[in-house]
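First comes the structure, then the notes that go with it.
On a predicted model such as this, the values are computed, not experimentally measured, just so you know.
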Amino acid sequence: MKKLHILILIFLTGFRSIAQDTSVNILVRADDMGASRSVNFAAIESYEKGIVRSVEVIVPGPWFEDAAALLRDRPDLDVGIHLTLTSEWSGIKWRPITQCPSITDADGYFFPFVWKNDKSPESPYLTGVSWDIGEIERELRAQIELGIKRIPQVTHLSEHMGCLSFSEEAKKLLEKLAMEYNLSVDLSHVSRFPQWSGSEIPASMKVENLRAQLEQLPAGDYLLVEHPAYDDRETQGLGHVGYENVAEDRAGVLKAFTDPKVKEIVARRGIQLESYRDFRSRSRADTRPPVSWVNPEIPQMSGLSHHILKSKAMGHDVGFVVWTPDVYQEETEQRFPVIYFLHGIGGNETSDAAGFSSRLAAAIERGDLSPVICVFPNGGRSGYRGTVEKMIVGELISQVDTQFRTLSNAESRGLVGFSMGGAGSVYLATVYPELFSAAASMGGGIRLENEELRKQVETSVHVWKQRNVGFFLVNGDKDRPQAFKEFAEMLTSAGIDHQLRVLDDTAHNLGHYFDRSLPELLAFVARHIDF
């Protein structure tokens with residue numbers, strides 16, 4: 001009877017993973033209008049003849065007024081102000097539109113980079129100087145106000161080169177300006193489009209790569225950001241150390257954005273091409289229920305219990321579920337390792353508790369795994385960042401270690417997650433390398449375009465190596481199989497123990513991930529946590 005109950009729970013978990021919204025919505029964005037006239041017209045062509053639905057404008061750019069004129073003639077084209085604090089190209093430079101000496105070089109230009117560029121270590125960079133947040137705010141306000149003065153249909157703000165992700169103060173400034181100028185768009189639920197382009201991918205491969213990703217893209221909301229341009233004399237003058245083939249590379253993007261086969265796939269699959277304006281309207285009229293942070297209704301399963309954390313970080317109560325093995329009830333002194341399981345977007349603390357715990361119970365019963373405690377936090381739609389991140393690492397772990405007989409050390413603590421939770425597991429193990437000894441992701445991913453996150457990985461590898469931290473990374477062949485490629489290459493280079501798996505004939509379905517990878521995943525995690 002107990003085994004029948006477990007099978008029913010597993011079936012329901014798999015069914016829930018299948019029975020979800022099947023729509024695919026993509027926000028395709030073309031960046032850097034204003035940087036050159038070639039970029040201006042390539043962005044317009046990508047909209048009129050291709051799949052682009054939003055464009056970003058560099059207000060201090062030398063061709064900003066030309067970009068603004070083109071956009072005023074196309075009021076239906078969605079526009080964002082691409083807030084700019086860098087001038088990265090060697091052949092062309094731009095200056096701020098206000099006096100801000102703390103963020104400019106001796107000639108009055110923006111610095112080339114936000115962070116130190118290892119390929120050009122002599123180049124000055126923003127985080128290498130004593131920047132003044134007041135000067136940054138004045139400059140960004142001036143860019144916003146000139147942008148909305150020249151272009152009536154501006155709907156949002158974005159960051160050129162991730163220019164405001166270098167400090168918490170700068171991030172808060174971005175939020176403040178977006179709210180104040182009514183240019184805030186909630187994309188917290190939107191995933192990054194799977195990797196298909198980038199300067200390291202030959203231009204000749206971009207069309208085929210984009211076609212392939214569109215063919216296999218699972219349901220969900222995605223953001224695709226790239227930089228179309230023409231391969232002409234103007235764009236051939238753009239470049240910097242480490243990125244010299246700009247014209248060829250970005251012409252490949254333009255070709256992919258306007259490819260007839262790409263447009264045919266979009267039409268055939270019913271993919272919705274949306275803009276920030278569309279996402280903004282949808283979020284304001286969002287029919288999804290608000291996140292429920294406390295959900296006490298859980299299956300009647302042995303060892304499963306619901307608990308509440310009074311979170312100061314969140315400012316309200318947050319529910320979490322704990323599963324304890326049978327032996328936990330029999331022993332009074334034994335302590336156990338802890339696995340934190342992070343759910344996907346749209347879930348809560350109850351979503352995967354029964355399904356994953358059932359698999360753990362079966363593995364323990366077979367002798368494949370020693371007894372462990374499992375904790376299921378409620379992560380809402382957060383990506384396990386921000387206040388949810390602070391709640392988990394600053395409050396939940398300590399409450400679990402106090403309330404239950406855990407082995408309360410990092411060597412006995414692991415992370416496992418699916419989709420958003422898989423990405424969250426890797427993220428938390430990266431940002432807090434001293435707190436966990438293993439992280440496993442099913443159907444997640446991590447992108448390292450954010451220089452701050454890349455540098456965090458580079459910093460954390462020393463801790464991981466010293467503590468023998470391991471990563472198990474598994475995706476389906478139809479579920480962003482390249483999602484961890486760059487991260488895994490960094491782990492390999494650093495000598496960090498990891499496994500990178502791609503499952504055959506597997507889409508974004510938790511039940512399939514459980515069936516096809518969980519025994520191997522649990523064995524890997526067990527090797528890296530102390531019992």
Side-chain angles (χ1 to χ4, degrees), residues 17 337-344 352 355-357 359-360 362-364 366 368-370 372-377 379 384 392 410-433 435-448 457 460-461 463-504 506-531:
S17 300
V338 184
I339 293 175
Y340 285 79
F341 187 97
L342 309 184
H343 64 74
D352 308 308
F356 188 69
S357 299
R359 301 292 182 123
L360 285 181
I364 293 169
R366 290 193 307 267
D368 295 342
L369 180 70
S370 296
V372 297
I373 294 171
C374 193
V375 178
F376 301 86
Y384 298 95
I392 291 174
E411 286 67 32
S412 299
R413 190 181 299 125
L415 291 158
V416 177
F418 170 65
S419 190
M420 177 185 81
S425 295
V426 175
Y427 170 78
L428 292 178
T430 298
V431 179
Y432 305 95
L435 289 182
F436 307 97
S437 284
S441 168
M442 296 176 286
I446 192 167
R447 297 176 67 88
L448 299 175
V457 173
S460 296
V461 292
V463 182
W464 293 336
K465 196 163 187 177
Q466 184 180 32
R467 298 186 50 248
N468 190 32
V469 175
F471 292 86
F472 188 94
L473 313 168
V474 57
N475 287 74
D477 59 354
K478 299 177 182 178
D479 186 18
R480 301 179 296 163
Q482 301 297 313
F484 281 109
K485 179 177 181 292
E486 188 178 8
F487 181 70
E489 289 172 351
M490 294 181 73
L491 296 179
T492 300
S493 177
I496 304 300
D497 186 23
H498 68 282
Q499 288 189 27
L500 182 66
R501 289 280 315 281
V502 175
L503 304 176
D504 293 337
T506 301
H508 202 64
N509 183 294
L510 179 56
H512 289 168
Y513 276 100
F514 277 172
D515 290 338
R516 299 166 187 178
S517 67
L518 194 57
E520 187 178 359
L521 180 155
L522 292 176
F524 181 90
V525 171
R527 288 207 315 269
H528 284 272
I529 61 175
D530 291 344
F531 286 86

Which atom pair, heavy atoms only, marks the closest approach of [X] to [Y]?
X      : Y      : answer
Phe531 : Ala526 : CE1-O, 3.6 Å
Ala423 : Gly445 : CB-O, 3.1 Å
Leu500 : Ala488 : CD2-CB, 3.8 Å

(message) Between Val469 and His498, is the side chain to side chain contact (heavy atoms under 4.5 Å, CB included) condition met? List the steps.
(response) CA-CA 9 Å; Val469 175; His498 68 282; over 6 Å; no
(request) State whether the side chain of Trp464 and the backbone N or O of Ala429 hold a donor-acceptor pair below 3.5 Å, judged by distance alone. (result) yes
(request) Keeping the roles fixed (side chain from His343, backbone from Gly379), state whether a donor-acceptor pair exists under 3.5 Å. (result) yes
(request) List for me each residue that meets side chain to side chain donor-acceptor pair (under 3.5 Å) alongside Arg467, sequence neighbours excluded, and say none if there are none. (result)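 Listed in chain order: Glu411, Ser437.
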(request) Quick one: list whatever passes side chain to side chain donor-acceptor pair (under 3.5 Å) with Glu489, sequence neighbours left out. (result)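 If we apply the side chain to side chain donor-acceptor pair (under 3.5 Å) test to Glu489, skipping adjacent residues, the hits are Lys485.
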Let me check something: any side-chain donor-acceptor pairs from residues 470-479 under 3.5 Å, sequence neighbours excluded? List them with distances.
residue, atom, partner, partner atom, Å
Asn475, ND2, Gly444, O, 2.9
Asn475, ND2, Asp479, O, 3.2
Asn475, ND2, Arg480, O, 3.4
Asp477, OD1, Asp505, N, 2.9
Asp477, OD1, Thr506, N, 2.9
Asp477, OD2, Asp505, N, 2.7
Lys478, NZ, Asp505, OD1, 2.8
Asp479, OD1, His508, ND1, 3.1
Asp479, OD2, His508, ND1, 2.7
Asp479, OD2, Tyr513, OH, 2.7

(request) Check the angle between the aromatic planes of Phe376 and Phe356 and answer parallel, tilted or perpendicular using the 30° and 60° thresholds. (result)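 Perpendicular.
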(request) Please lay out, stage by stage, how Leu521 and Met442 fare under the test side chain to side chain contact (heavy atoms under 4.5 Å, CB included). (result) CA-CA 9 Å; Leu521 180 155; Met442 296 176 286; 3.7 Å; yes
Can you tell if the side chain of [X] reaches within under 4.5 Å of the side chain of [Y], non-hydrogen atoms only?
X      : Y      : answer
Leu503 : Ser517 : yes
Leu522 : Leu360 : yes
Ile339 : Val525 : yes

First locate atom [atom1] of [X], then atom [atom2] of [Y], and finally report the distance between them rounded to the nearest 0.5 Å.
X      : Y      : atom1 : atom2 : answer
Arg359 : Asp515 : CZ    : CG    : 4.5 Å
Lys465 : Ile496 : NZ    : CD1   : 6.5 Å
Ser425 : Tyr340 : OG    : OH    : 12.5 Å

(request) Quick one: list whatever passes salt bridge (Lys or Arg N to Asp or Glu O under 4.0 Å) with Arg501, sequence neighbours left out. (result)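 Per chain and number, Arg501 pairs via salt bridge (Lys or Arg N to Asp or Glu O under 4.0 Å) with Glu520.
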(message) Show me the pairs that pass salt bridge (Lys or Arg N to Asp or Glu O under 4.0 Å) and involve residues 417-431, at least two apart or across chains.
(response)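 Residue pairs with at least one partner in residues 417-431: there are none.
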(message) Under the side-chain hydrogen bond (donor to acceptor under 3.5 Å, both in side chains) definition, can you give me all pairs with a residue in residues 521-531, not counting sequence neighbours?
(response) Asp497-His528
(request) Could you walk me through whether Val461 and Met490 pass the side chain to side chain contact (heavy atoms under 4.5 Å, CB included) test, one step at a time? (result) CA-CA 9 Å; Val461 292; Met490 294 181 73; 5.9 Å; no
(message) Please evaluate residues Leu342 and Leu428 with respect to the criterion side chain to side chain contact (heavy atoms under 4.5 Å, CB included), reporting the C-alpha separation (whole Å), side-chain torsions for both, the decisive distance (0.1 Å), and the verdict.
(response) CA-CA 11 Å; Leu342 309 184; Leu428 292 178; 4.1 Å; yes
